[in-house]
Amino acid sequence: MRTTLLTTLATLGMLTAAPFALANPIEIQVNNTMSEGGSESAAVERFAEYLEEQAPGRFEVRPFLAGSLGGENAVLELLNLGQTQISITGGNWRQQYAPEYDAITVPFVFSTWDEVDAYMESPSGQALIEQAENQGGLKYFGLQHRGPRHMTANKAINSPEDLDGFRLRLPSLPVWLEVWEEIGAQVVNVPAPEIYLAMQTGQVDGHENSLSSPYTRRLWEVQDHIIMTSHVQFPWSWVASSRWWDGLEADDQALIEEAIDVARQYGSEQERELDEFYLEALQDEGMTIIEPDVTPFREAALPAIDRVMADMAGGVREDALGNESQ
């Protein structure tokens, strides 16, 4: 009898020590549009590692990178339907579900990540999150920082006056076109794969993007300057399917949320290190780095910013820009 009891207690002890290993693993698909090798895939890897460290065998993380389940909008739909679990997504979720609160997309509104993070904690940022959760079926966890967007140019750009007649390649995002036109640039839409050729042939005089763009595209061969405007801080956001999330046990939710927080911080740090590498490498290739006073650019952009924000929800401008003159 004693032997049987000891055996039973030992068995119960094993169950207590390793409860996760005996349950069926929870599959977690993590989606992102970027290819492997960047800060995004590094964050996914850290997410999987942390879960395995804390609960061996409990979770099976399956990365879906390079848009393998579709673009951002397609994945947002899958999340809404509960047919995939997590995405490190860009700005489409804000524009699709809560555009009236999306001050983050507007150029020259935020110049540091601290400002972006503070906005997401403001009443407008919290309303953005709540509306996206209600309309898109999303559970929001937080931001992962990306490299700020700067300019490249075939000449020195130190002030808005230097943009007079300057042909600036931009993606087809109406808000960005309106702001840059207000500053004085002549905006040109060129497909991303054609950026190098457009610069080589003189179709455009420059473009804007994170520093990975001039580095991976070898734009030092056709551009001379990097203009450090930091005009858009365009974050990744970690979101999950509410349908999936609500079906998890509280302990699993807590651990996944903890792992996401660790992964977000790790990915942000990896991105910061990559940005420093790109900047140094571009300098080594002969590009001149210009750090202009961004204030005149923002002041020149304010009329367009105010027009854009006039169509947004009440309080957005104040939460984003404070008391800056209108």
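All residue numbers in this chain count up from 1 along the given sequence.
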Work out which heavy atom in [X] is nearest to a heavy atom in [Y]; give both atom names and the distance.
X: A313; Y: Y101; answer: CB-CE2, 3.4 Å
X: A132; Y: Y97; answer: CA-CB, 3.7 Å
X: P123; Y: D319; answer: CD-OD2, 3.8 Å
X: A43; Y: A263; answer: O-CB, 3.3 Å
X: P292; Y: I227; answer: CG-CG2, 3.8 Å
X: Q223; Y: A153; answer: OE1-N, 3.1 Å

Do [X] and [Y] make a side-chain contact, defined as non-hydrogen atoms from C-beta onward lying under 4.5 Å apart?
X: V116; Y: I104; result: yes
X: F297; Y: L302; result: no
X: N158; Y: I290; result: yes
X: H231; Y: V294; result: no

Looking only at side-chain N and O atoms, does [Y] offer a donor or acceptor that is under 3.5 Å from a partner on [X]?
X: S41; Y: E36; answer: no
X: D261; Y: Q265; answer: yes
X: Y215; Y: E285; answer: no
X: T201; Y: Q203; answer: no
X: T229; Y: H150; answer: no
X: W236; Y: T89; answer: no
X: Q131; Y: E133; answer: no
X: T84; Y: N31; answer: yes

In Å, rounded to the nearest 0.5 Å, how long is the span from [atom1] of [X] to [atom2] of [Y]?
X: E178; Y: R307; atom1: CD; atom2: CZ; answer: 4.5 Å
X: I88; Y: E40; atom1: CD1; atom2: CD; answer: 7.5 Å
X: L255; Y: I26; atom1: CG; atom2: CD1; answer: 9.5 Å
X: D284; Y: F277; atom1: CG; atom2: CZ; answer: 9.0 Å
X: L219; Y: D224; atom1: CG; atom2: CG; answer: 11.5 Å
X: M34; Y: S39; atom1: CE; atom2: OG; answer: 7.5 Å

If you draw a 6.0 Å radius around [atom1] in [X], do more than 12 non-hydrogen atoms from other residues or ligands fall strictly inside?
X: E269; atom1: CD; answer: yes
X: E280; atom1: CD; answer: no
X: Q83; atom1: CD; answer: yes

Flag yes if F110 and M228 sit in one hydrophobic cluster, no otherwise; membership is Ile, Leu, Val, Met, Phe, Trp, Tyr, and two members link when side-chain heavy atoms are under 4.5 Å apart. no
Taking a hydrophobic cluster as the set of Ile, Leu, Val, Met, Phe, Trp and Tyr residues connected by side-chain heavy atoms closer than 4.5 Å, whether directly or through intermediates, do I289 and W220 fall within one such cluster? yes
Please lay out, stage by stage, how K155 and D205 fare under the test salt bridge (charged side-chain N to carboxylate O under 4.0 Å, His left out). CA-CA 8 Å; K155 67 173 186 177; D205 301 314; over 6 Å; no
Please name all residues satisfying ring-ring contact (aromatic ring centres under 6.0 Å, His included) with Y266, sequence neighbours left out, ordered by chain then number. none
The ring-ring contact (aromatic ring centres under 6.0 Å, His included) partners of F234 (sequence neighbours excluded) come to W176
Run the salt bridge (charged side-chain N to carboxylate O under 4.0 Å, His left out) test on R149 and E208 for me, step by step, so that the C-alpha distance in whole Å, both residues' side-chain angles and the decisive distance to 0.1 Å come before the verdict. CA-CA 6 Å; R149 296 180 81 96; E208 61 75 56; 2.8 Å; yes
side-chain contact (heavy atoms from CB on, under 4.5 Å) between I28 and V30, intermediate numbers included: CA-CA 6 Å; I28 306 177; V30 184; 4.0 Å; yes
Contacts of S210 that satisfy side chain to side chain contact (heavy atoms under 4.5 Å, CB included) - sequence neighbours left out: S212
Taking the six-membered ring for Trp and the full ring for Phe, Tyr or His, determine whether the centres of W180 and F108 are under 6.0 Å apart. yes
May I ask you to decide whether E53 forms a salt bridge with R46, counting only side-chain N to carboxylate O separations under 4.0 Å? yes
Could D306 and R317 be called an ion pair, given the rule that one side-chain N must be under 4.0 Å from one carboxylate O? yes
All N/O donor-acceptor pairs, side-chain side in residues 136-145, below 3.5 Å, sequence neighbours left out:
from: Q144; atom 1: OE1; to: W238; atom 2: NE1; distance (Å): 2.9
from: H145; atom 1: NE2; to: D117; atom 2: OD1; distance (Å): 3.4
from: H145; atom 1: NE2; to: D117; atom 2: OD2; distance (Å): 3.3

For residues 101-116, which residue pairs qualify under salt bridge (Lys or Arg N to Asp or Glu O under 4.0 Å), counting only residues two or more places apart or in two chains? R94-D102
N/O donor-acceptor pairs under 3.5 Å from side chains in residues 183-199, not counting sequence neighbours:
from: N189; atom 1: OD1; to: S172; atom 2: OG; distance (Å): 3.3
from: N189; atom 1: ND2; to: L170; atom 2: O; distance (Å): 3.2
from: N189; atom 1: ND2; to: S172; atom 2: OG; distance (Å): 2.9
from: Y196; atom 1: OH; to: E221; atom 2: OE1; distance (Å): 2.5

